[in-house]
Structure formats: structure tokens, C-alpha cells
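In what follows, a structure is listed as C-alpha cells, so that the remarks can point back to it.
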Amino acid sequence: MGVIIVLMYAVPYTLLRDIDAWYGSFLFWTASTLVVLGIVAILSFEWKD
Amino acid sequence: MDPLWIWTGVAIYVAVALLAAVASRSGGSGDMSDYFLGGRKMGGFVSAMSYSATTYSAFMMIGLAGLTYAGGVGALGFELLYLCGVVLILIFGPRFWRVGKTYGYVTPSEMLGHRYSSRAAGATTAIASCVFLIPYAAVQLAGVGYLLSGMSGGAISFTAGTTLAAGLALAFALIAGLRSVAWTDSLQSIIMVVSASLVVILVITQLGGLGSFFGDLAAEPGVLSVPGTGYFTFSTFLALTLPWVFFMISNPQVSQRLYTPASMRDMRRMLLGFMVFGFIYTMISVIWGLAAILEFDELSSPDQATPALLSSDLVPVPLAIIVMIGIMAAAVSTIDSIMLTLSSMVTRDVYRPAHRGATERTQLLLGRLVLPVIAGLAYWFAHLQLDLIAVLSVSASAGLLVMVPPTIGAFFWSRGTAAGVIVSVTVAGTLVLVLEYTGYLLLGQGSGVWGLIVSTALFVVVSLLTSARTQRAREFIAASRSRREPVPLPR
């Protein structure tokens, strides 16, 4: 997850900086977030009372 | 929009919310833990709604849409990175919850004071929280002021809006503490997410559908990329995002909620609900901002993006009124939570250590008396109308970042000391205040970046130079990691 979060800083300012379209930073940030939230949700199922 | 419509909507909201607040009073035991933490028996659904409403507020619906209008898609990255900061709950959620149950903490600064065996450390973090959170609450009040005046074309003044929000927040906090706050939060969250989603669907449909919407945005240079139009330089992006990534443990009105779920199962529901709401809220606010870019060439202030959109022909009047009330309620829900947290800190971490014999009843009375004082201070700040809402919010969060190293150290570094806490919070907090006041960008970086670096360095160095209470630290860390059912311990 840490790697994904670092990429959320790096990729839009490098690889995607010239892509002025929905499939650029908009899609990258949205998809990355969904992956991170999915992992968090799965890991939280280990919580026990 | 006709002010009569707006006042009618406000009146209906006030009546329904007050009923919910009064209904929430039943079953309370009336002690400090009950008033400020809902008796540590909050269910998962109400916790999720309330946690979301506390976090996402007028800042979100007004400020984030405004930030998108001003800087384009960078605002989406900024807010989604904040949402990704929720990963911290995997580490800190269970730990906060277990030590809260074990030692009976009411506030995060009470926890730090006990963990570092120092009332002064607890009081220092409590006072620092007040210094930075009151402007943050003021930002929410200003949000309501902008919203009502913007949508009514100035017929409802900024002052009327802020007065209304301050009065409601005070009432909700006073009626039944966290219970009434959480119930009104839940009511607001549900209405908000449904009505705001409808606005997004309507606006995009009227702008020609999703393909046409993004096609038009692509024709605006820099809107869908960073640094794009130049607003979101990497330094700006870093300075804005950093405080929000740590929001969950740096902001006491949020971390205090980690003490409230009845069980870990309820905490998981809180987490899942928050993630769903956070994602939807973010997308809604950003799409509003992007739509405003297409619809309005020159707004007097970027923070007018949402009011302008809601009062435009794109949104039917009844729906716009519902959303407007939802945003106002969102601001109120953040303000009342902050007021409640600060009140508990003043009572628990500043007053009680100086008056060891104070009963729960006296503490509770003082807590209620402090609430109007905090509301008054926030009201005063709101009327200074200092800056863009989003930027001012981040400034407040930047200051709270200085609490992150002592909080992490509490759970993971038994060598951390009270002197380390006091020096790091005081010096780094002052540095943030000076940088914010002067507007100086040291080496091009924002105050939050420096606050975190200096706070971390001072906490480590001063702790190593002073002696630690390792026995207390070991007990605390063991309690935070224990897999057994937490057993309350006397302190």
C-alpha cells in the first residue's frame, strides 16, 4: 500500500503530466484509491473482539 | 434563489435535527465517558455516519469544489490521498480502542499525558489542539456563511449564516454530548449523500453526458493534469496532502472517535462505512468543481463554485435546497464534534490535573460551560474571513501534525519521554504558527512539512537526552497489543 501511495504522488507529476484527459491523472488517482481501500477492507476482516 | 425557500428549508432541518438530538438522550448515564464518548457503546452504523460527517464537512463540499475550480484535477489527488490515509486505522484503530477501554481515556491528550507519565505533556497537547482546532472550526462556520449568502444572492448575510451554524452546533453539543452529535450527524450524512449524488447525475446529464463532460474539460488546457494550470505545483500538492494523510491521528476530534465503538466489529463497520462515504463525497465535490469550470468563467471567489452551481438552472430548486441544508448540516456536524472534543480536553487535561478532587459532575458542568466559549472564539475567527476555505483548513491541520510523532511514539517507542513531547509540540507548533502568520515558504515547502520534520527531530533527540518511564511505557504498549478482551485498570 505504501508503494501505491508513493506512486500517487509521483506518477501524475511525471508520466501523466501532459495527459489532459479523463484517462490521465483522474483515472489513475481514482483506481489507485480503490485498490488501497480494497486492501484496507480485506485486512480489517482480521480484527477480532 | 428566493431567501424564503432557503429559510423554509433551514426551519425544517432545525426542527428534525433537534428532535433527533433530544431523542438521543435516552439511556445515558451522565458521566464524562457517557457525555463525550457515548459511553463507549456506539454502534458501527452511527459511528460510520458520524465519523464521515465529522471529517467531511463544509470544507469538502464548498472548499474542495472551490479548490477544483481553482486548480483542476489536482484537488482530486489531494483529497483521495487523504482518504488513503485511512490505512493508518489498521495500525492505530485497534490500539487506540484497546488502551481506551483499559485505561478509561476520554481524550487523546489524556492518553499521551498518562502514557508519558506527565500531566504537563497532556496539558501541552490539549492546549496545542485548541490553538489549531478553533480556526478549523471557524473555517466550517465561514463555509455556511459563504453558502447561504452565495445561494441567496446576498439576501442572507454571511453573519446570519455563521450565527445560525454556531447556534446549532452549540445546541447539538449541549443536548446530549456525543450521542446527540452522532445522531444528527447520521441524519445529515444520509440526506447528503443521496441528494448530492442526484445533483451530480443531473448536472452531468444536462451537460451532455459523461463523454461530453470530459471532452469539454479536456478542451480546457491543464484542468485534467498536474501541475496543469499552475496552481498545483508539487510543493503545493505536498504541503496540502501531508497534513491530511495523518488526519486520523493528528486531529483529536477524529482520533477520539477511535475510543467510542462498542466492539472491534463496530469499529470495522465504522471503517467500511467511512471509506464508502469518503469516496463518494470526494467524487461528488470534485465533479461539482469541474462542472463549475465549464459553466462559470469568472467567479468572484473559487469558494463560490458550489453555491453558484446549486443556484444555477442546472439544479432544480427543491433539490438545491436539500443539498444546501445538507452542506450546512455537514459544517455544523464538524463544528459540534470539535467543540465537544476541545471541551473534553480543557476539562480533562487542563482543569482536572490542577484540581485533583474534582468530581465527574463538576467536570461535566465545566465541560458544558466551556462549549459556548469555544463557539464564541470560532465565531470571531470566522468573521476575519482570512483565506480560501481549503487553504485555511490545511493550515490548521498542519499545526496538528506536530502531535503525530508523540502519538506514534506512544505505541511504538518506549524510549519516548514527556520532555520530548512538550518540547516537540511547543517548538514545532510555534514554528508552524510563525510560518503561517508570515506566509513564509521555507525552502519552498509548506508549514506542515516543516512542522512534522522539526517535531520528529525534537521528539527523538530530547527523548534520548532525558530519562524515560519505561515501566509505564511497557504496560501501555502491552495493553495496546493485547489480543484479549480489554480489562479496565485503575490509574
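Note on naming: letters A, B, ... go to the chains in the order of the sequence lines (proteins, then strands), and numbering restarts at 1 for each one. Keep in mind that the numbers below use all heavy atoms, side chains included, and drop hydrogens, waters and symmetry copies.
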Please flag which part of L88(B) lies under 4.5 Å from any non-hydrogen atom of chain A: side chain, backbone, both or neither.
neither
At a heavy-atom separation under 4.5 Å, does F232(B) approach chain A through its side chain, its backbone, both, or neither?
both
For W47(A) and L271(B) the tightest heavy-atom approach is CH2-CD2, 4.0 Å
In sequence, state the C-alpha distance, the side-chain angles, and the governing distance for F45(A) and L272(B), and then conclude on side chain to side chain contact (heavy atoms under 4.5 Å, CB included).
CA-CA 10 Å; F45(A) 278 93; L272(B) 297 177; 4.3 Å; yes
Within a radius of less than 6.0 Å around NZ of K101(B), do more than 12 heavy atoms belonging to other residues, nucleotides or ligands occur?
yes
Take atom CZ in F412(B); do more than 12 heavy atoms of anything else shown fall under 6.0 Å from it?
yes
Minimal heavy-atom distance between S25(A) and S225(B), with the atoms involved, is OG-CA, 4.5 Å
Which atoms of V87(B) come close to chain A, meaning under 4.5 Å heavy atom to heavy atom: side chain ones, backbone ones, both, or neither?
both
Could you measure the distance from the CG atom of L43(A) to the CZ atom of R268(B)? Nearest 0.5 Å is fine.
12.0 Å
Relative to chain A, which of V286(B), T233(B), V276(B) shows the most heavy atom pairs under 4.5 Å?
T233(B)
Heaviest contributor of heavy-atom pairs below 4.5 Å to chain A, chosen from G278(B), C84(B), A218(B), is C84(B)
Note: vs chain A, highest number of non-hydrogen pairs under 4.5 angstrom among V223(B), I89(B), V245(B) is I89(B)
Checking heavy atoms, do the side chain of L217(B), its backbone, both or neither come under 4.5 Å from chain A?
neither
Side chain from CB out, backbone as N, CA, C, O: work out which of these in L210(B) comes under 4.5 Å of a heavy atom of chain A, or both, or neither.
neither
Chain B shares the most heavy-atom pairs under 4.5 Å, among I5(A), L16(A), I4(A), with I5(A)
Restricting to non-hydrogen atoms, name the atom on W22(A) and the atom on L224(B) that form the minimum distance, rounded to 0.1 Å.
N-CD1, 3.8 Å
Just so I understand: if I count every heavy-atom pair under 4.5 Å between each of L238(B), L81(B), L83(B), L76(B) and chain A, which residue has the most?
L81(B)
Heavy atoms only: give me the nearest L90(B)-M1(A) pair and the separation to one decimal.
CD1-CE, 4.0 Å
For R17(A) versus V226(B), what's the shortest heavy-atom pair and its separation?
CB-O, 3.4 Å
At a 4.5 Å cut-off on heavy atoms, which part of F234(B) comes close to chain A: side chain, backbone, both, or neither?
both
Which class fits the ring pair F237(B) and Y9(A): parallel under 30°, tilted 30 to 60°, perpendicular over 60°?
perpendicular
Looking at G222(B), is its backbone amide N or carbonyl O close enough to the side chain of D20(A) to form a donor-acceptor pair, meaning the two atoms are under 3.5 Å apart?
yes
Heavy-atom cut-off 4.5 Å, strictly under: side chain, backbone, both or neither for M283(B) against chain A?
side chain
For residues W29(A) and G77(B), report the shortest heavy-atom separation together with the two atoms involved.
CD2-CA, 3.2 Å
